[in-house]
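Mind having a look at this structure? Questions to follow.
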Amino acid sequence: MIRRLASGLLPLCLTLCAGCSGNVRHVPVPVREVVTPPPALMAHTPRPVWNGTTNADLLDFAQEAATALDRCNADKEAMRTWATETTR
């Protein structure tokens, strides 16, 4: 029993002595940086509101809706371009 205890304590003692050696190694810790898209690309695009009664008003509304959709798609394209530029 004592022999088992001694054979178990000896490696433990050697391990503790090896831990106190003078070789100190500093390991750099990577810094994580969170990058977000520019605020101009995150701006809200207002939804056109229908408040007309004639076919001409309907045409104006359709053109406003198409313009809003074009602006949204342009923002998405700008975000894709920004993402590819920041990952290089």
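Both backbone and side-chain heavy atoms feed into the values below; hydrogens, waters and symmetry mates do not. We're numbering straight along the sequence, starting at 1.
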Identified side chain to side chain contact (heavy atoms under 4.5 Å, CB included) partner of Glu77 from the options Asn73, Asp75, Thr81: Thr81
side-chain hydrogen bond (donor to acceptor under 3.5 Å, both in side chains) partners of residues 54-64, not counting sequence neighbours, each pair once: Thr54-Asp57
Atom of Phe61, atom of Pro48 and distance for their closest heavy-atom approach: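 Residues Phe61 and Pro48, closest heavy atoms: CE1-O, 3.5 Å.
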Pairs flagged by side-chain hydrogen bond (donor to acceptor under 3.5 Å, both in side chains) wherever residues 28-49 is involved - sequence neighbours left out: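 Qualifying pairs, neighbours excluded: none.
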